[in-house]
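Step one of this worksheet: look at the structure below.
Note: hydrogens, waters and symmetry copies are ignored here, and every other heavy atom, side chains too, is used.
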Amino acid sequence: MAASSSITTVTLVALFLAHFPSFEALYEDQVGKFDWRQQYVGNIKQCIIEHGGTRRHIFVSTDANVLAGIHAKTGNVAWRHIFRQGDIGVINALIYTGQELVTVTGNGFAVRMWDPSSGVLQWETLTSQTTPMEKSQTPAVLKFNEENSAKKPRIAVTYAGHVSVVNIKNGEELWKDAIPNSDSVQDFLLQVSTDEDDDGVLVVIGRVPGIGFRVVRFNAKDGSVLGQTQIPSPWVQEDTKCITLSGDKIVCADTQSKSIRIATVKPKQQTQSGFISVPLIKLQLQIQDFRVEPLEKFSMDAGDHQSFVLRLNEESIAWVKLDGDDIRIIQNIPSVLAHSFDLYKEQYMLTTASEDQSKRFILLQSFSKDGEVASLKNRIQLPTQSGSIIMVSASHMDKKDKSIGSRVLVKTSDEGLHLIQQGGQITWSREESLASALSVEMVDLPVSETEAQFEDEFGTKKGDNIFSMFARRISTQMSQLQSYFVHLKKKIESFQHGGVVHHGVDQLTYAVQYESDETMGEYLTRDEFSLHKIIIVATKPGKVFGLDSEDGAILWSYFLPNVAPIERGGKLTLPLMIQRTTAHFPNPPQCTIIAKSKDSDKNVIFSFNPINGKPSLPEYPVGQVLPNPLRQATMQNIVDLEFMKVIVLLDKDNKVSVYPSTAESIVAKNMDKIYLFTADSTSGALNGYRLLPLEENELLKGEFHPIFSAEEVWHVQLPSLLQRITHVVSKRPTEEVHSQGRVLGDRTVLYKYLNPNLVVVISEGEDATAKSHVTVYLIDVVTGNIVFQTDHKRVEGPVHVVHSENWVVYHFWNNRFRRNEVTVLELFEGKSQKNSTAFSSLDPPSAPLVERQSYVFSEALQAITTTQTEKGITSKHVLMVLQSGGIVSLPKRILDPRRPLVPTQQHKEEGLIPYTPELVVPQTAYINYNQSVFGVRSIHTSPAGLESTCLVLAYGLDFYFTRATPSNLFDVLKEDFDYLLIGTVLIGLLVAAIVTRRLASMKALRQAWQ
């Protein structure tokens, strides 16, 4: 009986395991072998450094709506939370009480408390049951203790004309009430009465430009309105800065009269006294556009303090204190780039940052509340390619020798973060500008010096003859043999260390430290299959990086302080073009960036070597300013005598110049082949141009002066009343098309409509009935012909689109059915091809046959693109970055618009999949396994030397790099390939061939003697 029971148990367990789903995963040794991920937080706007003990975190909130805790010791992200994009996710206030970390987001919509050590959400309170308005007032936030009890901390928040008080300990909303007459109020100030008889009064002060202040008093316990008064102040403007201080004081900066206005709010009185004016000339301060700033800028604590900061101009500040109705200067500090306050032993410490005369070193010093300089004065040198300091955050503590120690976090204009410990040492740095990357390109590494010498073996020098070339060949091959032995030695050493190559990568900043330029040159050489590349990243602050594709290490960086991204249609762009690759030795490679100047409305063009980051023109280290603002800049597939691709620049006066200027004659020869087009997202106008030479009297000498004029040849006006152009997507100019058609089941060929001048234009907006819709146009930009147009009603963006070969895939949100959808368009010429050698937009084929189909998709997207290989032989895959953090690689054959509902025999022979409305994503389609990526702005692909392999980089708030193999590694032997077996078989065959040959010859000899 017992045996039967055990057999039954085993059977049930076997059946249970049989029905368990199978899983596919990477082997442990494959994780991180060909991929890497980097996580960033973005441009910080608020920062709090934790004090002493075992807690060593730096809490930051950023412009990317990110709340994060950073290890103060290592600089790594301990935890991170990414809020929704838009106003609802903006972090308005960050409060740290020593035990609780509280955030106010969505312009006061939500108050949350987080565990500082782990970042776990403790509670959440919504101050309103409705979604926050797009343009609501910036909330006023104040932390206070009820009845002077530290055990009852409270937080008051204003939101959309209301004030709410929340218990910090448990998140309970104690009370909420509307603020009377708040419609005309621009912003609010909060204050808690410090009078003994009015201990429980919360004062809400509303600023009304041109009128004054409206004061409403609430009972801090139950929210009952105790009264309201007004303080007439007609001098108050929209840009007037005001703060509240202890003692019921309001302090404002009156820039017109150049004075400080001080008023006292009396919660009991029904009438209020006006402001007292203190002219700054009385304080003998040199002022310009001054403003007032509170000490606890990001703590919002109702503490007992009556001092504040006067920002006199962009370079100096004054620390002042109220003395009754007068002002006393504590410290006047000139040449201050940034400053920060820290509460140390119940007194405020002011930390300032200033530059020396050489502007190479930064001086950090701290002041006590009495204005005396503390024993903290550090002279530090920031990295060479860092910007100027724009923000500091300091924390002071007691050291083991009972002296004062400090920890200062410095933010520079290039969005870099640097932590400085006592002694002036930079502990770590973070390049947060990478979180705002706008453009990415991948560049092949140059060949080694030995391989480059082969270029000189064919008589490239004067006086070369056959003997000198032969001697050079022998010398080169000997050098190559020597290099091979050195490479073999390093490979053996790497195997002895577990196969890991250490090249000095810092764990945090991902910066590579090389012993010499020679060592760097040896490492940065092209591998056999061109899998190792340099990733060029151009960021929003104007900093350019060169990343190592092997591990994401920063090889070099270059900061352009005078440039800003170009804004087009509400989107920021920073065009990055590869004018010359490393394939044209001895000419160095060159990349070019076109940006906007910060000082004017003109544009800046900057060229650099992508291998080392050095400017191509040393005389222009920060780029060249163009004489006129640009409307369009395109790189043509035309090269000059030095293999440099030409960039054509169209300015606002429809004049055209060429970069580099040495290629003007080449452009003039190919003038009839060059067409330009522009798209205005606001007006919906698209215009096409051709080039015409300027008259002799219009020509000007000098670089960037126009030599051509742009004549308008076509104009297309899209509906713009309730719509706007959001996307203009063209094909990649370097894309390779392997097949001109596809073979059908009946053995005929359906030829693709391969128009290289076709672009996808998408406009989003509303129709006449105020319902959202999206319109897709396929336009030939040489003739302006609208090849195809389709309209999707009751759908909205954000739209993500990819355009490749003869097909277009785009993703949107369907409002009618409340779901995400993917639509694919595929264009064909038909079963006959008009021209099999070249396509001409001036003599195009007839209207293409457009096949289209839509699918229901399960998730929203962050970005979309397609794979790219060297010859285009490998099957195409569509790469989608999901909002959930996954990167999906879907075969294009799944997104085939010709998928039939009921497949016939011909469909089966063609390999078409039966159509199903739902687009099911298999688990094996995720190429980033558990390495989720968030905040992705775009995804870039580049071909490798192997036809089967495509290099993929998803970038944004997170960076993720990997290799995609759409058709598997058909041109590479597998890792578990049995070399011993194949070697044994080959040797056996060779021996058998030799033996049989000997036997056959002996047999033939015997037969000959018979």
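- For the residue pair N92 and N107, a side-chain donor N or O sits within less than 3.5 Å of a side-chain acceptor on the partner.
- Under the 30°/60° scheme for interplanar angles, the aromatic rings of F59 and H57 are found to lie parallel.
- Annotation: side chain of I535 is in contact with side chain of V440 (closest heavy-atom distance under 4.5 Å).
- Using modelled atom types, one finds no donor on one side chain facing an acceptor on the other under 3.5 Å when comparing N76 with H71.
- What you find for V192 and D248 is that their closest heavy atoms are O-OD1, 4.0 Å.
- Counting only heavy atoms from C-beta outward, the side chains of I566 and N603 approach each other to under 4.5 Å.
- Qualifying side chain to side chain contact (heavy atoms under 4.5 Å, CB included) partners for S439, counting only residues two or more places apart in sequence or in other chains: A538, L574, L576.
- Note that the CZ atom of R80 and the OG1 atom of T62 stand 9.5 Å from one another [nearest 0.5 Å].
- Side chain to side chain, K249 and T264 meet the donor-acceptor criterion of an N or O pair below 3.5 Å.
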Q: Could you check Y558 against F545 for ring pair (Phe, Tyr, Trp, His ring centres under 6.0 Å), going step by step and ending with a plain yes or no?
A: CA-CA 7 Å; Y558 198 88; F545 294 90; over 10 Å; no
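- Checking side-chain atoms of R207 against main-chain N and O of Q237 turns up a donor-acceptor pair under 3.5 Å.
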Q: Tell me, with the steps shown, if S413 and I390 meet side chain to side chain contact (heavy atoms under 4.5 Å, CB included).
A: CA-CA 6 Å; S413 57; I390 59 176; 4.2 Å; yes
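- Across all their heavy atoms, C47 and L409 have their closest contact at SG-CD2, 3.4 Å.
- Under a 3.5 Å cut-off, the side chain of W79 and the backbone N or O of P116 do form a donor-acceptor pair.
- Considering only heavy atoms from C-beta on, I88 comes within 4.5 Å of F109 through its side chain.
- Here the CG-CZ distance, from L312 to R291, works out to 10.0 Å after rounding to the nearest 0.5 Å.
- Between Y620 and P615, every side-chain heavy-atom pair lies at or beyond the 4.5 Å cut-off.
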Q. Are F213 and F275 close enough, and set up right, to give a ring pair (Phe, Tyr, Trp, His ring centres under 6.0 Å), and what steps lead you there?
A. CA-CA 11 Å; F213 294 88; F275 281 82; 5.4 Å; yes
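- Within the model, atoms CD1 of I49 and CD1 of I58 stand 5.0 Å from one another, a figure rounded to the nearest 0.5 Å.
- No hydrogens or angles considered: a donor-acceptor pair under 3.5 Å links the side chains of S259 and S257.
- The CH2 atom of W319 sits 8.0 Å away from atom CD1 of I333, with the distance rounded to the nearest 0.5 Å.
- Between the W428 side chain and the A72 main chain, a donor and an acceptor come within less than 3.5 Å of each other.
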Q: Run the numbers on L280 and L310 for side chain to side chain contact (heavy atoms under 4.5 Å, CB included), then give the verdict.
A: CA-CA 10 Å; L280 290 181; L310 272 176; 3.9 Å; yes
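- Few gaps surround NZ on K598; more than 12 heavy atoms of other groups in view lie less than 6.0 Å from it.
- In this structure, V544 and F559 have side chains that are not in contact, with every pair of non-hydrogen atoms separated by 4.5 Å or more.
- Residues P565 and L438 share a closest heavy-atom pair of CB-CD1, 3.5 Å.
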Q. Could you walk me through whether S436 and N43 pass the side chain to side chain contact (heavy atoms under 4.5 Å, CB included) check?
A. CA-CA 8 Å; S436 56; N43 180 28; over 6 Å; no
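- Going from atom OG1 of T352 over to atom CD1 of I389 covers 10.0 Å, rounded to the nearest 0.5 Å.
- Ionic pairing of D326 and K282 is present here: one or more N-O contacts between side-chain nitrogen and carboxylate oxygen are shorter than 4.0 angstrom.
- Between the side chain of K411 and the main chain of I44, a donor-acceptor pair closer than 3.5 Å is present.
- By the 6.0 Å contact criterion, NZ on K540 is open, its count of non-hydrogen atoms from other residues, nucleotides or ligands being 12 or less.
- Looking only at atom types and distance, the side chain of T97 has a donor-acceptor partner in the side chain of E100 under 3.5 Å away.
- Using a 4.5 Å heavy-atom threshold, the side chains of P561 and V622 count as touching.
- At least one donor-acceptor pair closer than 3.5 Å links the side chain of H81 to the backbone N or O of G119.
- When every heavy atom of V204 is checked against every heavy atom of F188, the shortest pair comes out as CG1-CD2, 3.6 Å.
- Sorted by first and then second residue, the salt bridge (charged side-chain N to carboxylate O under 4.0 Å, His left out) pairs with a member in residues 107-117 read R112-E124; sequence neighbours excluded.
- I205 is listed as a side-chain neighbour of T244, based on a closest heavy-atom distance under 4.5 Å.
- Remark: side-chain polar atoms of E415 are not paired, donor with acceptor, to backbone N or O of E431 under 3.5 angstrom.
- Here the side chains of V936 and L957 are not in contact, with every heavy-atom distance at 4.5 Å or above.
- No side-chain donor-acceptor contact under 3.5 Å links S597 and D599.
- In this structure a side-chain-to-backbone donor-acceptor pair under 3.5 Å is present from R937 to A435.
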Q: Take D342 and R407, measure what salt bridge (Lys or Arg N to Asp or Glu O under 4.0 Å) needs, and give me the verdict at the end.
A: CA-CA 11 Å; D342 177 49; R407 182 184 293 123; over 6 Å; no
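- Contact between L322 and I262 at its shortest, heavy atoms only, is CD2-CD1, 3.5 Å.
- A donor-acceptor pair shorter than 3.5 Å can be found between the side chains of S429 and H418.
- In this structure, Y96 contributes its side chain and G98 its backbone to a donor-acceptor pair below 3.5 Å.
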Q | L94 and L101: CA distance, side-chain angles, deciding distance, side chain to side chain contact (heavy atoms under 4.5 Å, CB included) verdict | A | CA-CA 7 Å; L94 182 64; L101 182 66; 3.7 Å; yes
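- Residue L382 holds its CG atom at 5.0 Å from CD1 of I426, rounded to the nearest 0.5 Å.
- For E432 (side chain) and V41 (main-chain N/O), a donor-acceptor pair under 3.5 Å exists by modelled atom type.
- No salt bridge links D254 with K241; every basic N to acidic carboxylate O contact stays at or beyond 4.0 Å.
- Checked by atom type and distance alone, the side chain of K45 pairs as donor or acceptor with a backbone atom of I91 at under 3.5 Å.
- Across every non-hydrogen atom of V563 and A595, the tightest pair is CB-CB, 3.8 Å.
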